[in-house]
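Note sheet for the following structure.
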Number of protein chains: 2
Amino acid sequence: MTPPLHLSLAGQAVDVLREQVLTGEIPPGSRVNEVEVAQKLGISRGPLREAIRHLASEGLLTLVPHRGAFVPDAAPDEVKALFELRTALECAAAELAASRRTDLDLVRLQEVCAESRRNYRAGQPFPYRLDLAFHRTMLDAARSPHIAEQVRLVQQRVVLLRSALEDDPSHTHASMDDHDELVMAVADGDAARASTVMRRHLSRVCAQMMTSLNR
Amino acid sequence: MTPPLHLSLAGQAVDVLREQVLTGEIPPGSRVNEVEVAQKLGISRGPLREAIRHLASEGLLTLVPHRGAFVPDAAPDEVKALFELRTALECAAAELAASRRTDLDLVRLQEVCAESRRNYRAGQPFPYRLDLAFHRTMLDAARSPHIAEQVRLVQQRVVLLRSALEDDPSHTHASMDDHDELVMAVADGDAARASTVMRRHLSRVCAQMMTSLNR
DNA sequence: GCGTTGTCAACTGTCGACAGTTGGCAGTTT
DNA sequence: AAACTGCCAACTGTCGACAGTTGACAACGC
């Protein structure tokens with residue numbers, strides 16, 4: 001028997017709402033009506049309120065007193081500010097990964113990169129799924145649960161800002177190269193280089209998002 | 001007219017509870033009884049539950065399904081893990097501060113250091129208040145609101161783990177020296193050195209906390 | 001005596017209803 | 001016509017009560 005991840009209605013509501021916000025099913029700028037959504041989910045307002053507050057603490061909703069909860073819409077400045085935090089966290093994670101990684105970690109990282117290459121040669125664009133997988137594997141190798149958790153939250157907010165999933169081929173290629181270079185640095189246990197490459201990588205991704213937002 | 005910072009009962013409850021948790025008025029390991037605390041605060045369980053959930057999201061309470069909310073007690077491993085996150089954030093902040101600081105920022109940093117020295121010469125121990133002020137001024141100079149917010153949250157959790165406010169003179173002296181050196185690096189705009197010194201500083205503070213916890 | 005099972009009180013999870021606030025609209029005034 | 005004022009509907013903030021679960025204690029069997 002698989003025990004449900006969240007027994008409580010509030011927990012389930014968090015999962016459902018998070019999904020709807022991240023996929024854009026609830027579009028940026030729109031308001032979350034408590035009674036309406038509660039009815040739609042088949043629960044009462046109490047648990048739903050808790051779910052809304054939880055998502056607000058994750059930055060996926062903004063609360064306005066007596067007005068309700070809104071899905072924040074993308075602001076270019078916000079992207080930059082968010083990437084400052086993400087860079088701080090992921091560079092540190094890259095350093096830690098370089099000094100703590102096991103051989104199994106290395107195999108996993110290489111596997112993700114290999115799959116990206118196969119995907120690319122097959123003419124497919126670089127799926128965001130594999131990019132997420134790479135960064136997540138990196139975080140596992142860093143073995144710092146708190147940093148990993150914070151990165152998860154930041155990445156979520158980044159996803160929220162990704163108005164359009166970009167398929168720019170040059171960006172795809174550059175990202176894969178960055179990933180490969182990161183794996184090499186981690187393999188060598190070269191923390192300084194891992195941090196440097198990660199910084200360059202994220203700076204590139206950030207710039208790419210900024211330009212795609214301003215269009 | 002000063003508009004109240006929190007009109008809602010939930011917001012007020014958050015402030016009161018946070019204070020009580022951080023000061024140890026609600027001791028680590030103890031449970032927060034919803035009905036009891038709600039009566040004591042003169043509010044209903046609804047807003048109190050939201051407050052509890054909020055503090056849990058800040059890491060000041062841990063939630064156990066069907067059991068309630070507990071104040072987490074200090075675990076040495078937790079200190080180490082927490083300082084990994086704090087180091088990642090504050091080193092990045094130090095780098096940013098070194099490259100973005102204004103002259104006014106510099107004056108403020110020097111003023112905090114000077115006050116620490118005056119305090120020290122007067123035979124007073126290094127008050128935690130001034131240490132907090134220093135790091136906060138540093139964060140202001142970094143001008144990265146997201147990093148600053150995360151540091152605030154982590155520092156809160158660190159305070160929660162400070163079972164006893166230590167007055168070790170040697171530690172006091174070393175910390176003041178670290179702060180001075182940080183200010184110099186920031187003054188020179190030397191991001192790399194600022195990061196290095198901050199890392200050493202936090203590593204020292206962490207070690208000091210670990211030993212004081214194991215006693 | 002020790003482990004097991006049944007019972008129970010306490011507490012959390014959830015719900016429906018009431019009160020207070022907000023933004024918008026119609027009516028009025030100049 | 002523009003601005004102001006008063007009202008109104010919709011929604012959030014809050015409350016008290018009910019239902020389900022948990023851990024503990026007591027009674028029982030071995």
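No hydrogens, no waters, no symmetry mates; every other heavy atom, side chains included, goes into these values. Naming: A, B, ... by sequence-line order, numbering from 1 per chain.
First and last contacting nucleotides of DNA chain D toward chain B (any atom under 4.0 angstrom from a heavy atom, 5' to 3' order): dT14(D) to dG23(D).
Between the R45(A) side chain and the E34(A) main chain, no donor and acceptor come within less than 3.5 Å of each other.
Summarising the local packing, CZ of R100(B) is surrounded by more than 12 heavy atoms from other residues, nucleotides or ligands at distances under 6.0 Å.
Atoms OG and CZ, from S195(A) and R200(A) in turn, are 12.0 Å apart once rounded to the nearest 0.5 Å. Between the CG atom of L153(A) and the CZ atom of R86(A) there is a distance of 13.0 Å, given to the nearest 0.5 Å.
Screening E90(A), H146(A), H135(A) for a side-chain contact (heavy atoms from CB on, under 4.5 Å) involving V151(A) leaves a single residue, E90(A).
The nearest heavy atom of DNA chain C to P65(A) and to P47(A) marks one nucleotide each, and the one closer to the 5' end goes with P47(A).
Taking H54(A) as the reference, E58(A) meet the side chain to side chain donor-acceptor pair (under 3.5 Å) condition, with sequence neighbours excluded.
Among the protein residues, G68(B) comes within range of the sugar-phosphate backbone only, with heavy atoms under 4.0 Å from sugar or phosphate atoms but none that close to a base. The residue R67(A) sits close only to the backbone: its heavy atoms come under 4.0 Å of sugar-phosphate atoms, none of a base. Contact annotation for V64(B): no contact, since no heavy-atom pair falls under 4.0 Å across all strands.
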